[in-house]
Amino acid sequence: MAPAPSPRLRPALLQWFDRHQRDLPWRRTSDPYAIWLSEIMLQQTQVSTVVPYWERFFERFPNVRALAAAPLDDVLGLWRGLGYYSRARLLHRAAQAVVSEHGGHFPPTAEELRALPGFGRYTAGAVASIAFEEEAPLVDGNVARVFSRWFAIEGPPGDKAREELLWRYAEACVKGERPGDWNQAVMELGATVCVKHAPLCLLCPVSAHCQARKEGREHALPPARRRAAPKEMRLYCAVTQKNGAVLLGRRENKGLFGGLWELPSTPVLPELSALLGTTKKPGASLGTVERVLTHRKLTLELYPLPAPKKLPRPSAPYAELKWQNVEALATLGISAAMQAALKVALPAHGKARR
DNA sequence: GATCCGTGGCG
DNA sequence: TCGCCAAGGAT
């Protein structure tokens, strides 16, 4: 078991949290649905990005039953631009499981929540502690950074022994009054004071308890992780129009951009015509759009193709091919990368919307 | 268990 | 410009 922190740490941090926490919409409620939605959106995503998405989503789907009853297409339409789209698909599946298996009510323990789609160790602990006041530990990027400084924990992010140690500290620390606020307070400190670069130790309410600061190593902990360079990926996209509509494909519900709509695309240019069920050849390139994803440097190259007389049956990676009205492009589930490509492909449309 | 999965902000 | 990063989970 990890050594217990100083008994003065908890009240000092909670008092700071009470005074300095940011006013966020999901902090004005104890509704587990609202809190869960925020936790999924916040995965690998900054608060300022999430707020408008959360508000739109919560207004459209105000409870778990409304979400469960919605078509996945509508869910992805509201998620568009937020990234990591499997989160939205799992969110939808979890909502349906809550309705079908739990009568529309979230189970109140981390252990039970963990069985739902999209609930990992972190999210289960977050919802259990914040919505249900269970003394459930959690470790996210903020907690890992804060703890690595408080307790001078060595090792790079991803190191297995380090991760386990962090969870043991989290378990030891969360026990006591207000476990949900405690977890949020540690994350809030990490997000606003104990930041990666240039931590604001002079503003920190618990700097006296920080081992890294005692040793003058707050800038050195935690060590940076190494990342592999993104791999290049080039996709050739078909720009095909007919009567004010654009031919789009909806990807299968897996992998990159799973479930989203896009210009039919293939990594092999000569296969583009077959994808649309035509023997006509693409015209001259209309241009390219580049986007850097976590593991890929994505290049989309746009080619005009004449409309086929009849749409073929969709083939992998597409589950559906459909003529979509240009107006629908504003709300369909479309990745940010493909939205940028569509602006190039349909400049008149892009200008009309501005 | 290593890899995959988006996006926008920032130094 | 560019690498790094942010309230992770699934496979």
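No hydrogens, no waters, no symmetry mates; every other heavy atom, side chains included, goes into these values. The sequence lines fix the lettering, A, B, ..., with proteins before strands; numbering per chain opens at 1.
Each of A/L116 and A/E39 lies near DNA chain C, and the nucleotide nearest A/E39 is the one positioned closer to the 5' end. Between A/L24 and A/R114, the residue anchored nearer the 5' end of DNA chain C, judged by the nucleotide with its closest heavy atom, is A/L24.
Applying the 4.0 Å criterion to OP1 and OP2 of B/dT3, one finds that A/K231 has every side-chain N and O outside that range.
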Would you give me the side-chain donor-acceptor pairs under 3.5 Å for residues 114-132 of chain A, sequence neighbours excluded?
{"from": "A/R114", "atom 1": "NH1", "to": "A/F119", "atom 2": "O", "distance (Å)": "3.1"}
{"from": "A/R121", "atom 1": "NH1", "to": "A/E164", "atom 2": "OE2", "distance (Å)": "3.3"}
{"from": "A/Y122", "atom 1": "OH", "to": "A/E39", "atom 2": "OE1", "distance (Å)": "2.6"}
{"from": "A/T123", "atom 1": "OG1", "to": "A/Q43", "atom 2": "NE2", "distance (Å)": "3.0"}
{"from": "A/S129", "atom 1": "OG", "to": "A/G125", "atom 2": "O", "distance (Å)": "2.8"}
{"from": "A/S129", "atom 1": "OG", "to": "A/A126", "atom 2": "O", "distance (Å)": "3.3"}
{"from": "A/S129", "atom 1": "OG", "to": "A/N183", "atom 2": "ND2", "distance (Å)": "3.0"}

Exercise answer: donor-acceptor pairs, residues 248-258 of chain A side-chain atoms, under 3.5 Å, sequence neighbours excluded:
{"from": "A/R250", "atom 1": "NE", "to": "A/E320", "atom 2": "OE1", "distance (Å)": "3.0"}
{"from": "A/R250", "atom 1": "NH2", "to": "A/E320", "atom 2": "OE1", "distance (Å)": "3.1"}
{"from": "A/R251", "atom 1": "NE", "to": "A/E262", "atom 2": "OE1", "distance (Å)": "3.1"}
{"from": "A/R251", "atom 1": "NE", "to": "A/E262", "atom 2": "OE2", "distance (Å)": "3.0"}
{"from": "A/R251", "atom 1": "NH2", "to": "A/E262", "atom 2": "OE2", "distance (Å)": "3.3"}

What pairs of donor and acceptor atoms, side-chain ones from residues 329-340 of chain A against any protein atom, are under 3.5 angstrom apart with sequence neighbours left out?
{"from": "A/S335", "atom 1": "OG", "to": "A/M338", "atom 2": "N", "distance (Å)": "3.0"}
{"from": "A/Q339", "atom 1": "OE1", "to": "A/R80", "atom 2": "NH2", "distance (Å)": "3.0"}
{"from": "A/Q339", "atom 1": "NE2", "to": "A/I334", "atom 2": "O", "distance (Å)": "3.0"}

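Using a 4.0 Å heavy-atom criterion, one finds that A/R251 contacts no nucleic acid atom at all. Here A/A228 lies out of heavy-atom contact (under 4.0 Å) with every strand.
Between the side chains of A/T49 and A/Q46, no donor N or O sits under 3.5 Å from an acceptor N or O.
At whole-Å resolution of the value, CD1 in A/I40 and C1' in C/dA10 are 12 Å apart. Rounded to whole Å, atom C1' of C/dG8 lies 10 Å from atom CH2 of A/W167. For A/L91 and C/dG8, the CG to P distance is 15 Å, given to the nearest whole Å. Rounded to an integer number of Å, the gap from A/E290 CD to C/dT1 C1' is 13 Å. If you take OH of A/Y122 and P of C/dA10, they are 14 Å apart, rounded to a whole angstrom.
Taking the side chain of A/R296 as heavy atoms from C-beta on, and the options B/dC4, C/dA10, C/dG8, the nearest nucleotide is B/dC4. Listed nucleotides C/dG8, C/dA10, B/dC4 differ in distance to A/L90; the shortest reach to its side chain belongs to C/dA10.
A search for side chain to side chain contact (heavy atoms under 4.5 Å, CB included) contacts involving A/V344 returns A/V289, A/L302, not counting sequence neighbours.
Of the charged side-chain nitrogens involved, none lies within less than 4.0 Å of a carboxylate oxygen, so that A/R162 and A/D159 do not count as a salt-bridged pair. Between A/E218 and A/R149, none of the side-chain N atoms (NZ, or NE/NH1/NH2) sits under 4.0 Å from a carboxylate O, so this pair counts as no salt bridge.
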*Protein proximity profile, nucleotides 6-11 of chain B - base contact B, sugar-phosphate-only contact S, no contact -, cut-off 4.0 Å on heavy atoms*: BB----

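With hydrogens and angles ignored, the 3.5 Å screen pairs a side-chain donor or acceptor of A/R10 with a backbone N or O of A/C173. Distance alone, capped at 3.5 Å, is enough to place a donor-acceptor pair between the A/R87 side chain and the A/I40 backbone.
For the P atom pair drawn from C/dT11 and B/dG6, the interatomic distance equals 14 Å after rounding to whole Å.
For DNA chain B, none of the residues of residues 26-34 of chain A falls under the heavy-atom distance limit of 4.0 Å.
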